[in-house]
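Okay, so here's the structure we're looking at.
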Amino acid sequence: AQKITQTQPGMFVQEKEAVTLDCTYDTSDPSYGLFWYKQPSSGEMIFLIYQGSYDQQNATEGRYSLNFQKARKSANLVISASQLGDSAMYFCAMRELNRDDKIIFGKGTRLHILP
Amino acid sequence: DSGVTQTPKHLITATGQRVTLRCSPRSGDLSVYWYQQSLDQGLQFLIQYYNGEERAKGNILERFSAQQFPDLHSELNLSSLELGDSALYFCASSVAAGRSYNEQFFGPGTRLTVL
């Protein structure tokens, strides 16, 4: 069965520091995609970054990078040079490509950036 | 702005009532997904439609139903509402279905409160 685990319910980080949000997943499907979404207090879900299971390199999008360790089934999100606007809820999610299109979400990590 | 629109933004109703949530996908997107976000269950996939046909079903209650119309907008109908149905309901859309990379763009959500 699909499972996404985010073990950090909340984190406090000083502005301008880098932050790593943990995510582990469980799947028996060799083809899958991993996603990170940001949900600010306003409620909308904002797509941040995607990593495919066959991608050779870690995904990067601006200040966001995904530390993909396939053998460990780990897909941590790294935010460099954090900003006050990064304060939000962050969700790790997965889609098994040989099943259907649904995305399974973790419980999320609430990130607080301190000035 | 993701390009996905949802109406209404807020909905307050009483137990036992029936409501309809509406979603318009991004222009050109054929797939529509419905998710429920509640405090205790997190983000749960409910159902997906692709070009008017149901494609995948998740944890959707029998009291809930959805459809996608020829113009590709979708409606989620919730009936015999219970207090536990209070949640944020998201619609998401994507270009296609079943492809290796299939980013889903989320709408702003409809906040349903059942009193």
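Quick note on labels: first sequence line is chain A, next is B, and so on, each numbered from 1.
Between the CZ atom in B/R55 and the NZ atom in A/K102 there is a gap of 13.0 Å [rounded to 0.5 Å].
Contacts between B/Y35 and chain A at a heavy-atom distance below 4.5 Å involve the side chain alone, from C-beta outward. Within the 4.5 angstrom heavy-atom criterion, only side-chain atoms of B/Q37, from C-beta onward, approach chain A. Neither the backbone nor the side chain of A/Y32 comes within less than 4.5 Å of any heavy atom of chain B. Neither the backbone nor the side chain of B/D1 comes within contact range of chain A; no heavy atoms are under 4.5 Å apart. Interface remark: B/L43 contributes backbone and side-chain atoms alike to the contact with chain A (heavy atom separation under 4.5 Å).
The side-chain heavy atoms of B/F45 and A/R95, taken from C-beta on, include no pair separated by under 4.5 Å.
Counting all heavy atoms, side chain and backbone alike, B/L88 lies closest to A/Q39 at CD2-NE2, 4.0 Å.
Shown here is A/L84, whose CG atom has more than 12 heavy atoms of other residues, nucleotides or ligands within 6.0 Å. With a 6.0 Å radius and a threshold of 12 heavy atoms from other residues, nucleotides or ligands, B/K57 has its NZ atom at or below the threshold. Shown here is A/Q14, whose CD atom has more than 12 heavy atoms of other residues, nucleotides or ligands within 6.0 Å.
Note: the hydrophobic cluster containing A/Y50 also contains A/F91 (ILVMFWY, side chain heavy atoms under 4.5 Å, direct or indirect links). Hydrophobic clustering of Ile, Leu, Val, Met, Phe, Trp and Tyr side chains at less than 4.5 Å, counting indirect connections, unites A/L48 with A/I4. Under the 4.5 Å side-chain heavy-atom criterion for ILVMFWY residues, no single connected hydrophobic cluster contains both B/F105 and B/Y49.
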